[in-house]
There are 2 protein chains.
Amino acid sequence: MASIKDVAAEAGVSVATVSRVLNDHPSVSAAARTRVLAAVETLGYRPNAVARSLRTDQTHTLGLVISDVLNPYFTELARSVEEEARALGYSVIIGNADERPDLQDHHVRNLLDRRIDGLLVSPTDGGSPLMLDAARAGTPMVFVDRWIPGVDVPVVRSDGRAAVRDLVAHLYRLGHRRLAIIAGPAATTTGRERVEAFREALGAYGLPLPDAYIGQGDFQAESGRRVTEGFLDLAEPPEVVFAADNLMALGALDAVRARGLRVPDDLALAAFDDIRWFVHTDPPVTAIAQPTGELGRAAVRALVDRIEGRPGESVTLPARLVVRRSCGENPVTNRSQS
Amino acid sequence: MASIKDVAAEAGVSVATVSRVLNDHPSVSAAARTRVLAAVETLGYRPNAVARSLRTDQTHTLGLVISDVLNPYFTELARSVEEEARALGYSVIIGNADERPDLQDHHVRNLLDRRIDGLLVSPTDGGSPLMLDAARAGTPMVFVDRWIPGVDVPVVRSDGRAAVRDLVAHLYRLGHRRLAIIAGPAATTTGRERVEAFREALGAYGLPLPDAYIGQGDFQAESGRRVTEGFLDLAEPPEVVFAADNLMALGALDAVRARGLRVPDDLALAAFDDIRWFVHTDPPVTAIAQPTGELGRAAVRALVDRIEGRPGESVTLPARLVVRRSCGENPVTNRSQS
DNA sequence: CGGGTTCGTGGAATCGATTACATCGACGGG
DNA sequence: CCCGTCGATGTAATCGATTCCACGAACCCG
């Protein structure tokens, strides 16, 4: 592969001049410029990003460590992150943690070794020392969706409190009183927060949230299935299950179907995170939708701000309830038949 | 950030010795080794992958350019690719082309500039000169899922012919005679092949595939919706629509629902690529399942073989039909009630 | 006891870029 | 006419690793 030296030789100038042309430095004659450009063309030269990064100590690359690529919420997030980053002149390297702290650390280490300019993380657990060290060491960093409390890192996330209140109001109106939740891992902020928001909202209606109605999931489908089966085995099973993410909702659907039961008649279902398929599931699933694209873009902007020496602020955007039929007849689109 | 020089100073040896310890070269005394390791520990030193890559001309990184991250089929592929690559000591950088040739080229260029060791591509179009040049120039490369004919690059894919025949047999048995297809872009191999396989299979039953029953889609949901609406507007609409990927099937569901019609009564539906949500859609969707994980792993193995100087062979794995209810009552799980 | 291995180590070149500094010629003003 | 300035260019240092080569010490064998 042709190097800058080859181009210099071909154009009859020094490597310095070639470099200047490539970085359009003002002080280079028109004649030299055209000769260099011609040489670049004939040799099909492309600057070696590795060498350039070594010298300039910038990779123009962002690292994104997400919790699970198979989760549509995160792929949508990843997509918007890459889009915004590209618009700002950065590339993105994605690391998939599969909800495993060890994998998360593997990717963080890898990205740091590659000297990425900044790191976007949705932490799988509460306190990877590696990540805390990196943050303290001054690696530009932004948390997205989930975060680690007590670290001085901007957080870009969406606040589901209001939407959860709306959800509980909706459920209450439909006559449901025994409400259960499939929680995410307690080590994640979203895992804890969604339970708290749910408990609070229930409290406003004088409803309890007994321990038996808090199932411990891990944001993966299988755990949703397992927890739902547990709920169905209870002497007094809940009337509604609220899954803290879309994959656990999928697992819940699996469990209900495996028993030959029906949603919402036998068990109503709602989920955090709205995805396209929820429109066409049987029945369509009521969900809390985050402004995913906006979150990704805001996170990138905050991170790039940090990288380029500007403040880089935390952002919190509201989520909203999308009512469908999985909790009972939808009072909005109420079609009179039955 | 500490460099190898700092480690050398701390340990009281030369950088050469440090390097030798790090790459566990045999010729280094136990005493030196422990001193170096201690220095590495106290400084929290991590080798700079950028510098290392410049010197060794290896990045231990694979590039993966996929057609669409929002397509669950490709995220599953991406996941298995990363997994296998990690097992073999490689990292993966993913580029998302969003089915756009310009974006695809952007990512290929970017990956080449970063001097990745090898490239895994599922080409969005038939002949990006950039990619052809790279292949000719000797960049280790493997096509996965889709490929470009006439290029000397191994192809790892799945053959859907038999499964499509099974599908048509299934449809025929259910009494369907007017079968339509939502095709993928003609510029992609899978876009063409699936139509061909379908046409062939229909031929075996003496069924025609009129042009009006071939809708031109682009593997994205919106095109599936548009094409399906066109089908429904026909004087004689088809009885079945076969979508060449899962997103277009989603679009088809959108279209059917928007008209207040029902699957399969008003229009039956089948899709290429099986995804988890198809189990829970209304109705569950009959689909052709590819061995996605196996494809990803085989592709990585082929690519790494090429990189490390071994042959690196093409692989074709069979796809299989998964019958559900979207084409009419399932003759296998036939539940006697109605 | 001398010469040839072997082993451990350090010096220095190298990868491909960027960039500070030096140089040189032309040009304009006093 | 001379000198200072400015614009264009080249030389060489540098980033952080790897690795070839040389060198000295220890060791072995005859």
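By convention in this document, chain letters (A, B, ...) are assigned in the order of the sequence lines, proteins followed by strands, and residues within each chain are numbered from 1. What you see is a predicted model, and the numbers here were worked out from it, not measured in a lab.
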Which is it for R115(B) and S53(B) under the side chain to side chain donor-acceptor pair (under 3.5 Å) test, yes or no, and what are the steps along the way?
-> CA-CA 9 Å; R115(B) 301 301 192 264; S53(B) 293; over 6 Å; no
Among [options], which is the nearest nucleotide to the side chain of [X]?
| X | options | answer |
| --- | --- | --- |
| Y45(B) | dA17(D), dG16(D), dG10(D) | dA17(D) |
| I4(B) | dT18(C), dT18(D), dT19(D) | dT18(D) |
| R52(B) | dG16(C), dA17(D), dT9(D) | dA17(D) |
| V15(B) | dA12(C), dC15(C), dT9(C) | dA12(C) |

Which part of the nucleic acid, if any, lies within contact of [X], taking any heavy atom under 4.0 Å across all strands shown: a base, the sugar-phosphate backbone alone, or nothing?
| X | result |
| --- | --- |
| S3(B) | sugar-phosphate |
| N23(A) | sugar-phosphate |
| V13(A) | sugar-phosphate |
| A32(A) | sugar-phosphate |
| T56(B) | sugar-phosphate |
| S27(A) | base |

Any ion pair linking R79(A) and E76(A) (charged N to carboxylate O, less than 4.0 Å)?
->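 No.
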Salt bridge check: are D98(A) and R100(A) linked by an N-O gap of less than 4.0 Å?
->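 No, D98(A) and R100(A) are not salt-bridged.
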[atom1] of [X] versus [atom2] of [N]: gap in Å, rounded?
| X | N | atom1 | atom2 | answer |
| --- | --- | --- | --- | --- |
| D6(B) | dG16(D) | CG | P | 8 Å |
| L54(A) | dT14(D) | CG | P | 14 Å |
| D113(A) | dA17(D) | CG | P | 10 Å |
| H25(B) | dG10(C) | NE2 | C1' | 14 Å |
| R46(B) | dG16(D) | CZ | C1' | 15 Å |
| K5(B) | dT18(D) | NZ | P | 14 Å |
| L43(B) | dA17(D) | CG | P | 12 Å |
| D57(A) | dA17(D) | CG | P | 12 Å |

Toward the 5' end of DNA chain C, which comes first, A16(B) or A51(B), by nearest nucleotide?
->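 The residue whose closest nucleotide sits nearer the 5' end is A16(B).
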Contact nearer the 5' end of DNA chain C, comparing S14(B) with R115(B) =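 Its nucleotide being nearer the 5' end, the pick is S14(B).
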What about R55(B), does its side chain sit under 3.5 Å from the base of dT14(C) through a donor-acceptor pair?
->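 Present.
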Is any side-chain N or O of R20(B) under 3.5 Å from a base N or O of dG10(C), one able to act as donor and the other as acceptor?
->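 Answer yes: a donor N or O sits under 3.5 Å from an acceptor.
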Would one find a side-chain N or O of S19(A) under 4.0 angstrom from OP1 or OP2 of dT19(C)?
->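 Answer is no, no contact under 4.0 Å.
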Short side-chain N/O contact from S29(A) to OP1 or OP2 of dG7(D), under 4.0 Å =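 Negative; the distance criterion is not met.
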Is the count of non-hydrogen atoms from other residues, nucleotides or ligands lying under 6.0 Å from N23(A) atom CG greater than 12?
->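 Yes, because the 6.0 Å sphere around CG of N23(A) holds more than 12 heavy atoms from other groups.
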From the options E294(A), E313(A), E83(A), select the one residue that forms a salt bridge (Lys or Arg N to Asp or Glu O under 4.0 Å) with R301(A).
->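 Result for salt bridge (Lys or Arg N to Asp or Glu O under 4.0 Å) with R301(A): E294(A).
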Does P26(A) or V18(B) map to a spot on DNA chain D nearer the 5' end, using the closest nucleotide for each?
->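 It is P26(A) whose nearest nucleotide is closer to the 5' end.
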Nearest 0.5 Å please: distance from the CZ atom of R33(B) over to the NE2 atom of H25(B).
->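 The NE2 atom of H25(B) is 10.5 Å from CZ of R33(B), to the nearest 0.5 Å.
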